[in-house]
Amino acid sequence: MVKLPDGKLQMVKPGDAVVDNVTVKEIAQGRIVLEDKSGKDVETVIVRMENGKQRIEHLKTTPDVSPMLVAPGKSGK
């Protein structure tokens, strides 16, 4: 179960959308992993329950930036 921003409780499973652009990726004992695609980058949000307290981790992933490929050219001489 998750508590939505409006205060309502919702039963969720992996693949469910929690709010716009946020989906449940994994549910495990004491944690839930969400994927947030609302910004320009994809962000993984891990919500953990430890000793009755909630801890949230944000992990941003950015697309790999490939180096520009340069082919050898012929000299005009």
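Following chains of ILVMFWY side-chain contacts shorter than 4.5 Å, one cannot reach Met11 starting from Val2, and the two form parts of different hydrophobic clusters. At a threshold of 4.5 Å between side-chain heavy atoms, the hydrophobic network of Ile, Leu, Val, Met, Phe, Trp and Tyr places Ile32 and Val19 in one connected group. In terms of hydrophobic clustering, with Ile, Leu, Val, Met, Phe, Trp and Tyr side chains grouped at heavy-atom distances under 4.5 Å, Ile56 and Val24 are assigned to a common cluster. The cluster map of Ile, Leu, Val, Met, Phe, Trp and Tyr, joined by side-chain heavy atoms under 4.5 Å apart, puts Val45 and Val33 in different clusters. In the hydrophobic cluster analysis, where Ile, Leu, Val, Met, Phe, Trp and Tyr join through side-chain heavy atoms closer than 4.5 angstrom, Val12 is grouped together with Val47.
Not a single donor-acceptor pair under 3.5 Å links the side chain of Asn51 to the backbone N or O of Lys53.
Counting heavy-atom neighbours within 6.0 Å of Met1 CE, excluding the residue itself, gives a total above 12. Around CG of Asp20, the count of heavy atoms belonging to other residues, nucleotides or ligands within 6.0 Å does not exceed 12.
By the 4.0 Å N-to-carboxylate-O rule, Glu50 lies close enough to Arg55 to be salt-bridged with it. Under a 4.0 Å N-O distance rule, the pair Glu26/Arg31 qualifies as a salt bridge.
The CG atom of Asn21 sits 7.0 Å away from atom CG of Asp36, with the distance rounded to the nearest 0.5 Å. Gln54 CD to Lys3 NZ: the interatomic distance, rounded to the nearest 0.5 Å, is 10.0 Å. Remark: Asp16 CG to Leu34 CG distance equals 11.0 Å, nearest 0.5 Å. For the atom pair NZ (Lys25) and CD (Glu35), the distance works out to 4.5 Å, reported to the nearest 0.5 Å.
Residues Ile27 and Lys13 share a closest heavy-atom pair of CD1-CA, 3.8 Å.
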